[in-house]
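Structure record follows, encoded as structure tokens.
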Amino acid sequence: MILVFGSINLDLVARVATIAGPGMTVLARSYEQHFGGKGANQAVAAARLSAPGAVAMAACVGADAFGRDSIENLDRNGVSTELVRICDTATGCAFISVDTKAENAITVASGANGALSAGDVPDTMLGSGTVLVLQMEVPFPASLDVARRTRKAGGRVIWNCAPVPPGLTRDEAMALLDASDVLIVNEHEARDMATVLGIPADDIAQLAQRSAATCIVTAGARGAFASTADGQFFEAPAPVIEPVDTTGAGDTFVGAIAVALHEGRHLGDALRFGCKAAALSCFSAGAQGGMPVRDALHGMGAL
Ligand code: RIB
């Protein structure tokens, strides 16, 4: 079972010529509403690439229309929602600007995501077949607790350290790495982690060697690369595409890596699978709109 412990957001997306900087106001013709949240996106990405019944999510939403719709969306995509709790805080909401180059800027109002706790995952859900997937949009202590329990039960942990919280301490970063089998970050996040840990910014080998975790870095159009704790290095190219919207591409990559590792694939194959899935996800608007099903990747020679 792939278990995603993470955030659910409703994404409000405005398409703009230029993303507003501090003190600026920019106009968009309209806005779109999409399902999002890094946790929910990764769960949907994994479910679309997996056999039915393989993916579950633990999360919190509010007792509002956004929350109800988000649960229905997960159900429709084949994600088990038994561990999605309805609480008395509004469902998380993300305000997203996408510019003409398909780059984005995101502000998240966490809302109900802040109520998710370690107690939302019973020990009975964790075993040697569990692949736990985490991000950084729900309380860190709760994620750390579930990560440690998963490893104690013999399962594996994939931690997407996104976004890197501004106040992340060295001890927290080390605890995160020590509780992870695989760390996934983009280039900015890799630099932020390296700064917190006091190691050279571009040295992911050192990041991996600081713990027993495999470190994967996504690099957009340049693909992805990985370094293992025992010094092996892997890389995969990104297919050349004209993206419509890159929101959720990183989440698609994480979901695909979870599926590949759950299936026992080699790390190099997993990277190629992740890059192809992430590229396909960029052809439609919204984080989840373009996430591919498994058949869509067969034509690209993936797994
Ligand atoms: O990674 C993209 C996601 O980040 C969006 O769906 C938004 O909800 C934010 O959480």
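As the structure lists them, so they are numbered: ligands from 1, and atoms in each ligand from 1.
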Which is it for Asp251 and Gln42 under the side-chain hydrogen bond (donor to acceptor under 3.5 Å, both in side chains) test, yes or no, and what are the steps along the way? CA-CA 5 Å; Asp251 297 329; Gln42 293 172 14; 3.0 Å; yes

Please give the N or O to N or O pairs under 3.5 Å between ligand 1 and the protein, distances rounded to 0.1 Å.
{"residue": "ligand 1", "atom": "1 (O)", "partner": "Lys38", "partner atom": "NZ", "Å": "2.8"}
{"residue": "ligand 1", "atom": "1 (O)", "partner": "Asp251", "partner atom": "OD2", "Å": "2.7"}
{"residue": "ligand 1", "atom": "4 (O)", "partner": "Lys38", "partner atom": "NZ", "Å": "3.3"}
{"residue": "ligand 1", "atom": "6 (O)", "partner": "Asp11", "partner atom": "OD1", "Å": "3.4"}
{"residue": "ligand 1", "atom": "6 (O)", "partner": "Asp11", "partner atom": "OD2", "Å": "2.6"}
{"residue": "ligand 1", "atom": "6 (O)", "partner": "Gly37", "partner atom": "N", "Å": "3.1"}
{"residue": "ligand 1", "atom": "6 (O)", "partner": "Asn41", "partner atom": "ND2", "Å": "3.0"}
{"residue": "ligand 1", "atom": "8 (O)", "partner": "Asn9", "partner atom": "ND2", "Å": "3.0"}
{"residue": "ligand 1", "atom": "8 (O)", "partner": "Asp11", "partner atom": "OD1", "Å": "2.6"}
{"residue": "ligand 1", "atom": "8 (O)", "partner": "Gly37", "partner atom": "N", "Å": "2.9"}
{"residue": "ligand 1", "atom": "10 (O)", "partner": "Asn9", "partner atom": "ND2", "Å": "3.0"}
{"residue": "ligand 1", "atom": "10 (O)", "partner": "Glu137", "partner atom": "OE1", "Å": "3.0"}
{"residue": "ligand 1", "atom": "10 (O)", "partner": "Glu137", "partner atom": "OE2", "Å": "2.7"}

Just by distance, no angles: are the side chains of Asn186 and Thr218 close enough, under 3.5 Å, to form a donor-acceptor pair? no

Scan side-chain atoms only and decide if Asp99 and Asn104 contain a donor-acceptor pair under the 3.5 Å cut-off. no

Measure the OG1-CE distance between Thr150 and Met125 for me, rounded to the nearest 0.5 Å. 10.0 Å

Side chains of Asp171 and Thr169: donor-acceptor distance under 3.5 Å anywhere? no

Is atom CD of Glu235 surrounded by more than 12 heavy atoms (other residues, nucleotides or ligands) closer than 6.0 Å? no

